[in-house]
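Structure first, then comments.
Throughout, a chain's letter reflects where its sequence line sits, starting with A, and its residues are numbered from 1. We use all heavy atoms of the structure for the numbers below, so side chains are in, but hydrogens, waters and symmetry mates are not.
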There are 2 protein chains.
Amino acid sequence: MDVIGGKYNALIVYELINGTRRYHEIQKAVPQATPRMLSKQLKELEEDEIIIRTLYPVVPPKTEYSLTEFGQSLVPIVEALCSWGEHYFEVAGVPIPCTYTGS
Amino acid sequence: MDVIGGKYNALIVYELINGTRRYHEIQKAVPQATPRMLSKQLKELEEDEIIIRTLYPVVPPKTEYSLTEFGQSLVPIVEALCSWGEHYFEVAGVPIPCTYTGS
DNA sequence: CAGTATCCCAAATGATACTG
DNA sequence: CAGTATCATTTGGGATACTG
């Protein structure tokens, strides 16, 4: 839970399931997260070796994030959480897809 | 994450996997949680219909907690999280079993 | 573009003592 | 036994502005 317990960590991992993403792509996928939070949680995930950050020394800057092999091991759990969440919302009478991006 | 994101919720669910437990049994299983927190998170789980609380009107009081059918649906995820956590600790060089009760 | 810096607030948790 | 009450503290997160 320390690893994916943050407010956006699971969503970030979820977004990276389908491949490498640049910073602003993640930002678009998780618009509720402010730059500060996004940066913070990305760093957390990087420190936990769930994701890897690749910085291209070009102007303008280009950064790419992707799951590490270890991070991949988390994918089934994140997906399970996601579909359980859908089920939960159904039971609660509020059907919402996995692409749910917050209120 | 709102459901199991609390500090002890997942541990409580994990403890209830093997059957009904009384309050003090859960307390023993999750000793880091103060009575206040335990009570609070138990209520949360009850409101989310993950667990059910049965109060026996006897003296001294007797209360039992168990997973609802809906709560059972969470078990595979909690177990997956647990074993992933073990794996995580191994990778980090700190092998710790699922019965890990905090520092 | 990909972030940082600074300030602030609310929620979560902890400690301790008490009760039906 | 199974909690509550009260108070203090920590932590997470938000808003906004700025930068290499």
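- Residue A:Ile77 places its CD1 atom among more than 12 non-hydrogen atoms of other residues, nucleotides or ligands, all under 6.0 Å distant.
- Minimum heavy-atom separation, B:Ile51 to B:Leu42: CD1-O, 3.4 Å.
- Within 4.0 Å (heavy atoms only), B:Tyr65 reaches sugar-phosphate atoms of the nucleic acid but no base atom.
- Applying the side chain to side chain donor-acceptor pair (under 3.5 Å) criterion to A:Tyr23, with sequence neighbours excluded, gives no partner residue.
- When the side-chain nitrogen and oxygen atoms of A:Arg53 are compared with OP1 and OP2 of C:dA2, none of them lie within a distance under 4.0 Å.
- Atom CD of A:Glu25 and atom P of C:dC1 are 12 Å apart (whole Å).
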- [ ] Determine, for nucleotides 10-17 of chain D in 5'-to-3' order, which nucleotides have protein heavy atoms under 4.0 Å from the base (write B), from only the sugar-phosphate (write S), or from neither (write -).
- [x] ---BBB--
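- With rounding to whole Å, B:Leu42 atom CG is found 11 Å from D:dA2 atom C1'.
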Task: Secondary structure string for DNA chain C (Watson-Crick or G-U under 3.5 angstrom, | for other-strand pairs) - done: ||||||||||||||||||||
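- Counting Ile, Leu, Val, Met, Phe, Trp and Tyr side chains that sit under 4.5 Å apart, directly or through other members, A:Tyr56 shares a hydrophobic cluster with A:Val58.
- Between the CG atom of A:Asp2 and the C1' atom of C:dT13 there is a distance of 14 Å, given to the nearest Å.
- In terms of heavy atoms, B:Tyr8 sits closest to B:Gln32 at OH-O, 3.6 Å.
- Distance, B:Met1 CE to C:dA11 P: 19 Å, rounded to whole Å.
- Separating the CG atom of B:Leu11 from the P atom of C:dT13 is a distance of 12 Å, rounded to the nearest angstrom.
- Closest approach to the A:Thr63 side chain among C:dG3, D:dA2, C:dC1 is made by C:dG3 (side chain taken as heavy atoms from C-beta onward).
- Of all heavy-atom pairs spanning A:Met1 and B:Ile4, the tightest one is CE-O, 3.5 Å.
- Here the C1' atom of nucleotide C:dT4 and the CG atom of A:Leu38 are 13 Å apart, to the nearest Å.
- If you take CG of A:Leu55 and P of C:dT4, they are 11 Å apart, rounded to a whole angstrom.
- For A:His87, the ring pair (Phe, Tyr, Trp, His ring centres under 6.0 Å) partners at least two apart in sequence or on another chain are B:Phe70.
- With rounding to whole Å, B:Arg22 atom CZ is found 13 Å from D:dG3 atom C1'.
- Contact annotation: B:Ser39 does not reach the phosphate of D:dG3 (side-chain N/O to OP1 or OP2, under 4.0 Å).
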Could you list all N or O pairs between the protein and nucleotides 18-20 of chain D that sit under 3.5 Å apart?
none

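- No path of Ile, Leu, Val, Met, Phe, Trp and Tyr side chains, each step under 4.5 Å between heavy atoms, connects A:Val13 with A:Ile52, placing them in separate hydrophobic clusters.
- Within 6.0 Å of CD in B:Glu49 there are 12 or fewer heavy atoms belonging to other residues, nucleotides or ligands.
- Between D:dC1 and B:His24, no contact under 4.0 Å exists linking OP1 or OP2 to a side-chain N or O.
- With hydrogens and angles ignored, the 3.5 Å screen pairs no side-chain donor or acceptor of A:Glu64 with any backbone N or O of A:Thr54.
- Proximity of B:Lys7 to B:Met37: side-chain heavy atoms (C-beta onward) are nowhere separated by under 4.5 Å.
- A donor-acceptor pair under 3.5 Å links the side-chain atoms of A:Ser83 to the main chain of A:Glu79, judged by distance alone.
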